[in-house]
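To start, the structure itself, in structure tokens.
Small disclaimer: the values here were computed from a predicted structure and weren't measured. Every chain is numbered from 1 and lettered A, B, ... according to where its sequence line falls, protein lines coming before strand lines.
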Protein chains: 2
Amino acid sequence: MLVRTPADLGAVIRDRRKQLDLDQATLAKRVGVSRQWVIEIERGHPRAELALVLRAIDVLGIRLDASVGPAPDHPHSESVDIDGIVARARKAKP
Amino acid sequence: MLVRTPADLGAVIRDRRKQLDLDQATLAKRVGVSRQWVIEIERGHPRAELALVLRAIDVLGIRLDASVGPAPDHPHSESVDIDGIVARARKAKP
DNA sequence: TAGGAATGTCATCGTTCGCCGACATTTCCC
DNA sequence: GGGAAATGTCGGCGAACGATGACATTCCTA
């Protein structure tokens, strides 16, 4: 699933937790946070700590992949690096 | 790239920013944060705000994908949902 | 080499996190 | 329906965030 907002993240975490049949308390213990925190995260709390979120994701066996561009295709993509070329060109004669 | 830690995130953001030939101040302004924040994030600050990180990622045109399992293969994977089946089975007679 | 732009550092300040503990509510089996 | 487990809510507390503004350092380039 594509993650754009904290709410997306929360949904992913909650779904996966249920999929694994874990209750919030158990997940909290495994991640090393309070049960409160799990509740807030699953709600889509926007100001959550990055590291804790990543730990939760890891505990749940979720993979987070960062790729460039909103298009879900990548036949060769990055070997061309159009953005870089344009950027450098633009900078040449400011 | 696979994102596991705040440092990974920082690296992704920094690389992409340079790829687009943006300086920290410009990125900061576009994301709506201070330049300080950009510096800290690129350093891998573990306690950054989730929403700000996601906004930065979005501004940079980076896609974040959440999939299940650390294995990079998915021939059919989720249509079987082995985890769910096992979890439910385990719960049947506690 | 001089100048400026980009990057990194510092101290201060208001705001909010995440934790704790207890309580309310919902959900789900028997 | 009854009761236990899971989930959500409340107030209070220490710690840390992120913003600001000024300053130091590194890196280009004219």
Side-chain angles (χ1 to χ4, degrees), chain A residues 3 5-60 62 83-94, chain B residues 3 5-60 81 83-94:
Chain A
V3 177
T5 70
D8 292 343
L9 224 303
V12 168
I13 289 180
R14 186 179 190 107
D15 288 354
R16 180 62 177 154
R17 175 176 66 79
K18 293 199 164 176
Q19 200 173 62
L20 296 178
D21 193 54
L22 300 173
D23 59 39
Q24 298 175 336
T26 305
L27 174 58
K29 185 160 282 184
R30 292 203 191 161
V31 177
V33 296
S34 68
R35 193 168 61 84
Q36 268 267 15
W37 185 87
V38 173
I39 294 175
E40 303 253 321
I41 275 304
E42 294 188 348
R43 281 232 167 138
H45 183 49
R47 309 198 42 180
E49 276 189 28
L50 180 59
L52 297 183
V53 172
L54 293 180
R55 279 229 305 275
I57 280 182
D58 189 61
V59 164
L60 290 170
I62 299 174
D83 287 323
I85 294 172
V86 173
R88 252 167 279 129
R90 221 178 275 284
K91 193 183 180 182
K93 278 281 162 197
Chain B
V3 177
T5 70
D8 291 342
L9 225 301
V12 168
I13 289 180
R14 186 179 191 107
D15 288 354
R16 180 61 176 155
R17 175 176 65 80
K18 293 200 165 176
Q19 201 173 62
L20 297 178
D21 192 54
L22 300 174
D23 59 39
Q24 299 175 336
T26 306
L27 175 58
K29 185 160 281 184
R30 292 204 192 161
V31 177
V33 297
S34 69
R35 193 168 61 84
Q36 267 271 12
W37 185 87
V38 174
I39 294 174
E40 302 253 320
I41 275 304
E42 295 189 346
R43 279 227 165 142
H45 182 49
R47 309 197 43 179
E49 275 189 29
L50 180 58
L52 299 183
V53 172
L54 293 179
R55 279 230 303 277
I57 280 182
D58 190 60
V59 164
L60 289 170
D81 185 22
D83 287 324
I85 295 172
V86 172
R88 252 165 280 128
R90 223 179 271 287
K91 192 182 181 184
K93 277 282 160 195

Discussion item. Rounded to whole Å, how long is the line connecting atom CD of Gln24(B) with atom C1' of dT26(D)?
Written reply: 12 Å
Worksheet entry | All side-chain contact (heavy atoms from CB on, under 4.5 Å) counterparts of Asp8(B), not counting sequence neighbours | Met1(B), Val3(B), Arg4(B), Thr5(B)
Worksheet item: In whole angstrom, what separates Glu42(A)'s CD from dT7(D)'s P?
Response: 8 Å
Fill in: Euclidean distance, atom NZ of residue Lys29(A) to atom P of dA6(D) [Å, nearest integer]
12 Å
Worksheet item: From Leu22(A) CG over to Arg30(A) CZ, what is the distance, rounded to the nearest 0.5 angstrom?
Response: 5.0 Å
Item to complete: May I have all residue pairs that pass salt bridge (charged side-chain N to carboxylate O under 4.0 Å, His left out) and include part of residues 31-45 of chain A, sequence neighbours excluded?
Response: Arg14(A)-Glu42(A), Arg17(A)-Glu42(A)
Discussion item. Please enumerate all residues that pass side-chain contact (heavy atoms from CB on, under 4.5 Å) together with Pro6(B), with sequence neighbours excluded.
Written reply: Leu50(A), Ala51(A), Leu54(A), Pro46(B)
Discussion item. Testing the basics here: between Val33(B) and Val38(B), what is the closest heavy-atom pair and its distance to 0.1 Å?
Written reply: CG2-CG2, 4.2 Å
Worksheet item: Between Asp23(A) (CG) and dT26(C) (C1'), how many Å, whole number?
Response: 15 Å
Worksheet entry | Nearest-angstrom distance from the residue atom CG of Leu27(B) to P of dA6(C) | 13 Å
Fill in: Pair Ile41(B)-Leu9(B), side-chain contact (heavy atoms from CB on, under 4.5 Å): steps then yes or no
CA-CA 8 Å; Ile41(B) 275 304; Leu9(B) 225 301; 5.8 Å; no
Worksheet entry | d(CZ, Arg14(A); C1', dT27(C)) in whole Å | 12 Å
Discussion item. Output one letter per nucleotide in nucleotides 14-23 of chain D: B when a protein non-hydrogen atom lies under 4.0 Å from the base, S when only the sugar-phosphate is that close, - when neither is.
Written reply: --SSSSBB--
Worksheet entry | Nearest non-hydrogen partners of Val31(A) and Ala56(A), listed with the distance | CG2-CA, 3.7 Å
Item to complete: Calculate the interatomic distance between Ile39(B) atom CD1 and dA24(D) atom P; express it in whole Å.
Response: 16 Å
Worksheet item: With sequence neighbours excluded, what pairs up with Asp23(B) under the side-chain hydrogen bond (donor to acceptor under 3.5 Å, both in side chains) test?
Response: Thr26(B)
Discussion item. Measuring from the side chain of Arg43(B) (C-beta onward, heavy atoms only), which nucleotide among dT7(C), dT9(C), dT7(D) has the closest atom?
Written reply: dT9(C)
Worksheet item: Using the C1' atoms of the five pairs at each end, what is the angle between the end axes of the helix from dT1(C)-dA30(D) to dC30(C)-dG1(D), to 10°?
Response: 60°
Practice prompt. For residues Leu52(A) and Trp37(A), report the shortest heavy-atom separation together with the two atoms involved.
Written response: CB-CZ2, 3.4 Å
